[in-house]
Amino acid sequence: MNKYNPQKIEKKWQKNWEKSGFVKINKDDDSKQKFYILDMFPYPSGTGLHMGHTESYTASDVFYRFKKMQGFNVLHPQGFDSFGLPAENFAIKTGIHPSETTRKNMENYIQQMKSLGFAYDFDEQAVTSDPGYYKWTQWIFGKFFENGLVQKKTQKTNWCSSCQTVIANEQVADGKCERCGTEIIQKEVPGWFFKITDFAEDLINDLDKVDWPEHTRKNQRNWIGRSEGAVIKFPISNFQFPKNNPISNDKKTNQFIEVFTTRVDTIFGCTYLVVAPENALINEQRAMINNYTEVEEYINTAKNKTELDRMEAKDKTGVEIKGIKAINPFNGEQVPVFVADYVLGGYGTGAVMAVPAHDERDWEFAKKYKLEIRQSIAPVFFGVGENAVREDKENTERSTVDVIIKHWEKDEYFGLKWKYNGWKTFVIGGIEKGESPEEAAVREAREESGYKNMKVVRRIGGEMHSNFFAVHKDVNRFPVKRRCVLIELTDGEYENPKEEHIKNHDGVWIRKEEVEDFLTIPETKICWDIYLKGERAFVEDGTLIDSGDFTGLSSKEARSKMIQWLEENKSGKRKINYRLRDWSVSRQRYWGCPIPIVYSPEGEARFVGEENLPWTLPLDVDFVPTGVAPLAKSEELKKRVEDIFGNGWIAEYDTMDTFVDSSWYFLRYPDPKNEKEFCSAERLKKWLPVDLYIGGAEHTYMHLLFARFFTKAMKKIGLLDFDEPFLKLRHQGMVLDKAGKKMSKSKGNVVNPDDMTRKFGADSVRTYMLFAAPLEDEVMWNEENIIGVYRFLDKVWRMQTRIKMNNEKDGSRISNFQFPISNQFLSSNDKISKLTVSVNRTIKKVTEDIENLKYNTAISALMILANEFEKQEKIASVHYSKFLILLSPFAPHITEELWSSFAKATADEGKYDKYKESIFLQSWPEYDEKLIADMSIEMVIQVNGKMRDKMSVSADISEDDAKQKALSSEKVKTHLSGEVKKIIFVKGKLVNIVV
RNA sequence: GCCGAUGUGGUGGAAUUGGUAUACACGCACGACUCAAAAUCGUGUGAGCUUGCUCAUGAGAGUUCGAGUCUCUCCAUCGGCACCA
């Protein structure tokens with residue numbers, strides 16, 4: 001036997017597999033069930049495949065081999081997302097054309113993938129920069145164009161001055177360009193937008209249909225950011241049509257300021273309005289604005305702020321628009337209007353009603369500019385237990401005051417301990433008719449504390465409501481309107497309080513730091529918290545106060561009633577808003593898919609037409625970015641357009657965001673060479689949607705969202721008949737260095753898959769990647785640990801000398817090793833060996849674990865079985881062969897080699913050809929449930945839940961027998977000090993004796 | 001600030017979903033083989049002590065006969081979002 005030499009056997013089998021056409025599938029074979037497993041295809045960068053790819057692609061390769069052996073017709077394709085900036089930037093530096101760089105890099109990637117043993121069919125790729133591919137990107141763009149799903153808009157967009165191009169919201173990180181780190185500025189650029197917002201609702205709802213990680217779905221939902229609310233029209237008090245604009249009447253004018261809010265219920269607390277600097281109102285109302293210069297100046301500074309400036313701005317700024325007022329439709333009140341950049345132009349209506357009492361941002365702004373803060377929602381507390389509000393009891397209203405009394409010289413506060421219910425509170429008392437809260441507070445403080453001299457400091461917080469059932473009065477207190485007043489004693493003059501005031505409670509002084517723990521009911525805790533930390537906006541739901549006819553409603557009720565009111569009075573309506581913006585796809589760069597649009601001499605945009613596709617990327621272009629799209633410099637393109645469309649026609653010079661290319665690539669794989677269609681109808685129907693998609697979590701937002709949008713948009717125009725592209729999605733975790741740090745070039749801790757493969761062999765690299773941690777967790781790449789996997793494979797290798805080839809009785813050639821492997825373990829009269837049970841169990845475990853992508857525990861189960869084999873003098877070939885198949889998805893090369901050599905050795909004459917067949921043509925072993933359940937089990941005996949002894953019993957032991965046996969255990973007896981109270985029996989598991 | 005995830009030996013990680021905590025692997029220690037080394041194999045390895053008991057799954061409480069697992073509060077780390085009204 002030779003030594004295990006991974007390098008030698010791996011190369012051999014990689015070549016063999018390629019030659020044998022093992023990687024090819026018949027895509028029209030209907031005799032088997034289909035399975036479509038997809039990888040996120042790589043961008044072919046100059047640095048080659050990284051460890052993240054290696055893990056992800058290994059994970060899918062394992063699943064592919066597993067499913068294939070289970071008898072599925074499995075499509076597991078690979079391709080390249082080959083348009084993109086790095087190749088172009090490299091071209092700018094070196095003058096080498098991106099197509100050349102890209103081609104080279106792809107070749108390198110393919111070599112790397114082959115050397116890891118990935119079984120892709122590279123004849124059936126999708127390469128986005130290939131005209132045969134991007135022809136269909138353009139064709140789909142054309143379809144979207146014809147169906148109004150893409151439109152040209154001029155919009156403030158994120159501009160990267162280093163990349164000299166627009167980038168999508170999703171590509172801005174920390175106000176900087178995700179790619180190059182340059183600060184993003186806002187720039188008005190005309191460009192093409194996909195109407196992804198049309199699908200916002202479906203993009204949220206259909207997440208319920210797919211089997212994706214919960215956090216990914218949640219992130220998508222948050223990104224889309226649905227919020228339900230209302231648009232409300234605030235009439236402008238002294239609105240005038242601009243004198244020089246006679247058409248104002250039928251144009252959209254600003255007789256109203258429209259605001260969007262999710263909190264209509266707070267509208268009686270609205271004390272001003274704010275419009276975003278971008279809001280058209282300002283310009284339209286110019287004539288009416290008294291301080292236009294000031295307003296204009298503010299708008300200009302706001303405009304010049306970069307994303308970063310805006311994000312870093314601590315203080316809210318703004319300017320009142322003098323000369324106009326807005327009228328609150330609910331109460332007719334006139335409120336001032338401000339322009340401030342804390343309101344975003346691009347969201348909602350670009351204007352908000354400000355309710356400082358109930359919104360943190362408005363609160364901050366109102367404090368700074370000393371604007372009125374008016375409470376309209378009261379926090380509500382409900383009694384619990386016996387104090388819960390009772391439906392059948394009368395509701396009575398009350399007004400009370402909580403009095404925080406501060407000691408005259410010490411930092412102590414006066415509290416009450418209640419005798420009948422254990423409450424600990426401040427002084428609480430009713431506000432009598434005609435009394436102000438302050439007057440009531442002073443009166444109550446004197447009555448209940450006995451101290452005489454004090455001064456009112458201030459109110460604490462606003463109105464709060466308590467709703468509860470007062471047991472001793474047999475009525476509901478519904479509501480108790482509470483106020484809180486802070487009082488400071490001026491001296492210690494004291495007189496014993498009257499008995500009637502103190503019979504229910506004792507008064508005590510509490511040190512400041514102990515007050516919080518002293519208080520027992522949430523209402524007073526909140527008063528105290530506000531006293532300590534200061535006033536703030538109350539942003540939660542509650543009960544409406546001082547809100548006209550709506551007073552007393554809960555926030556929730558009020559929202560629906562108020563929206564109804566708005567609709568009846570034509571002052572607004574229900575509205576759902578999304579954070580998601582339309583997807584800007586125009587890029588002023590070269591190495592991308594040309595946008596297949598031409599402009600007539602009148603400037604009208606037109607699709608170039610299917611007959612002119614692919615609308616090729618011109619070659620006579622200088623890449624150096626100048627802010628003008630590179631394609632504008634192409635003579636060839638200019639000539640092409642004029643030849644086809646006539647003089648005066650011009651091409652669209654922008655190319656598409658590369659996310660467009662990757663938004664449909666999974667549709668191409670089933671039919672990548674089709675020149676007539678992006679994919680034939682039959683193949684689409686057969687293969688899509690994707691059954692399992694594996695890739696990095698960094699694509700949670702953009703790629704997955706865009707691909708889902710494409711699917712929905714294409715379905716809408718009849719190109720597809722399903723609405724979610726990826727039925728099941730799993731992420732692989734990041735590969736970190738052994739210290740748990742991200743790998744990066746600058747840190748110099750990048751591990752290269754090639755080096756690892758050369759050092760340990762592909763099988764070890766593959767197996768270790770999946771063994772080291774659960775797939776979705778981070779893997780710390782530790783070269784010291786990979787040795788364990790290598791040893792395991794080496795052990796498997798050396799085991800081949802101990803396979804039992806011959807029948808022990810007569811020395812004849814064994815009979816139980818047959819091809820294809822029989823799923824029958826034993827004939828009926830065979831004795832079941834312990835090893836047979838182990839093998840059976842391992843088959844079950846590995847099968848289920850792979851199915852659930854729990855590769856780490858599958859590998860561990862294989863190691864356990866190998867360790868058991870190791871203890872045997874001889875290993876039955878029937879066991880060993882099954883073990884090899886179970887291991888083969890992880891370590892394809894070594895298992896194929898072992899399969900071929902021992903299959904040959906055990907072959908009967910004449911059957912040899914069959915034995916030569918690849919291990920991957922064998923079928924996946926099945927297990928026998930009957931052999932998994934042990935006849936006898938170890939039953940645990942616990943005393944008070946602690947394990948004290950074990951007993952070996954038959955699996956179906958009766959409850960009584962088990963209890964008897966447990967009680968007779970010597971070890972158990974020493975723990976049975978008292979009387980046995982109870983015995984718990986869990987079938988097949990344990991007996992728990994409670995003393 | 002908000003949302004999400006995670007927290008188990010010296011290390012990576014297991015734990016049938018409420019039932020023997022620490023599987024498997026790395027590392028370490030000792031032993032076998034060897035002139036020696038490597039490789040391999042074997043044994044041991046959560047902590048503490050009174051050596052058969054106590055304590056251990058970020059901290060604290062709770063539910064339960066029984067909690068790594070469920071509930072609440074807090075802490076730490078990581079990731080994402082960040083004026084979205």
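Naming convention: chains lettered A, B, ... in sequence-line order (proteins, then strands); numbering from 1 in each chain.
Of the C1' atoms belonging to B:G68 and B:U16, the separation is 15 Å, rounded to the nearest Å. Separating the C1' atom of B:G10 from that of B:A61 is a span of 31 Å, rounded to the nearest Å. A gap of 46 Å separates the P atoms of B:U50 and B:A5, to the nearest Å. Rounded to whole Å, the P atom of B:G52 lies 26 Å from the corresponding atom of B:U57. B:U63 sits 28 Å from B:G46 when the C1' atoms are compared, rounded to a whole Å. Using atom C1' as the reference point in both B:U54 and B:A38, the two lie 44 Å apart (nearest Å). When the P atom is compared between B:A23 and B:C72, the two are found 31 Å apart, to the nearest whole Å. Spacing of P atoms, B:C2 relative to B:A56, comes out at 33 Å, to the nearest Å.
Here the P atom of nucleotide B:G80 and the CD1 atom of A:I224 are 19 Å apart, to the nearest Å. Rounded to whole Å, the distance from CD1 on A:I576 to P on B:A85 is 13 Å. In this structure, the CD atom of A:E776 is 15 Å from the C1' atom of B:G79, given to the nearest Å. Between the NZ atom of A:K3 and the P atom of B:A38 there is a distance of 15 Å, rounded to whole Å. Separating the NE2 atom of A:H215 from the P atom of B:C78 is a distance of 18 Å, rounded to the nearest angstrom. In this entry the distance linking CG of A:L770 with P of B:A25 reads 17 Å, nearest Å. The nearest whole Å value for the distance from the CD atom in A:E214 to the C1' atom in B:A5 is 12 Å. The CZ atom of A:F234 sits 12 Å away from the C1' atom of B:A85 (whole-angstrom rounding).
Residues A:V837 and A:R841 are in side-chain contact: their nearest non-hydrogen atoms beyond the backbone lie under 4.5 Å apart. Put simply, the side chain of A:F869 reaches to within 4.5 Å of the side chain of A:V839, judged on heavy atoms. Under the 4.5 Å side-chain criterion, counting only non-hydrogen atoms from C-beta, A:N328 is not in contact with A:F268.
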Every protein N/O within reach of nucleotides 11-20 of chain B N/O, cut-off under 3.5 Å:
unit_1	atom_1	unit_2	atom_2	d
B:G12	O2'	A:A772	O	2.8
B:A14	OP1	A:N856	ND2	2.9
B:G19	N2	A:Q942	OE1	3.1
B:G19	N2	A:N992	ND2	3.2
B:U20	O2	A:K950	NZ	3.1

Each nucleotide N or O in nucleotides 49-60 of chain B that has a protein N or O under 3.5 Å away: list the pair and distance.
unit_1	atom_1	unit_2	atom_2	d
B:U54	OP2	A:R948	NH1	3.1

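The nucleotide B:A59 finds its pairing partner in B:U73, both defining distances of the Watson-Crick or G-U wobble pair being shorter than 3.5 Å.
For A:R579, the listed nucleotide lying nearest its side chain is B:C81; candidates were B:C81, B:A25, B:C26. Nearest to the side chain of A:V994, among B:C65, B:C24, B:A85, sits B:C65. Comparing B:C24, B:A85, B:G4 by their nearest atom to the side chain of A:S227 picks out B:A85.
Note: A:Y272 and A:Y369 fail the aromatic proximity criterion, with ring centroids not under 6.0 Å apart.
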Practice task
Verify side chain to side chain donor-acceptor pair (under 3.5 Å) between A:D582 and A:T197, making sure each step is shown before the conclusion.
Solution key: CA-CA 6 Å; A:D582 278 334; A:T197 51; 2.6 Å; yes
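The structure places CH2 of A:W781 at 8.0 Å from OG1 of A:T54, a figure rounded to the nearest 0.5 Å. Within the model, atoms NZ of A:K533 and CH2 of A:W528 stand 12.0 Å from one another, a figure rounded to the nearest 0.5 Å.
Residue A:N219 places no side-chain N or O under 4.0 Å from the OP1 or OP2 atom of B:G79. Listed pair A:Y342 / B:A85 fails the phosphate criterion, with no side-chain N or O lying under 4.0 Å from OP1 or OP2. At the phosphate of B:G4, OP1 or OP2 sits under 4.0 Å from a side-chain N or O atom of A:K218. Checking the phosphate oxygens (OP1, OP2) of B:U40, a side-chain nitrogen or oxygen of A:R791 falls inside 4.0 Å.
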Indicate every side-chain donor-acceptor pair of residues 788-795 of chain A with a distance under 3.5 Å to a residue at least two apart or in another chain.
unit_1	atom_1	unit_2	atom_2	d
A:D794	OD2	A:R798	NE	3.3
A:K795	NZ	A:N867	OD1	2.7

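An anti base is found at B:U54: its glycosidic angle is more than 90° from 0. Applying the 90° criterion around 0 to the glycosidic angle, B:G7 comes out anti.
When all heavy atoms are compared, the tightest approach of A:M947 to A:V940 is CG-CG1, 3.4 Å. Of all the heavy atoms in A:D265 and A:S376, the pair that sits closest is O-OG, 4.4 Å. The shortest heavy-atom contact between A:A230 and A:L566 is CB-CD1, 4.4 Å.
Between A:Y347 and A:E870, it is A:E870 whose nearest contact on RNA chain B lies nearer the 5' terminus. Place A:I787 and A:I993 on RNA chain B by their nearest nucleotides, and A:I787 ends up nearer the 5' end.
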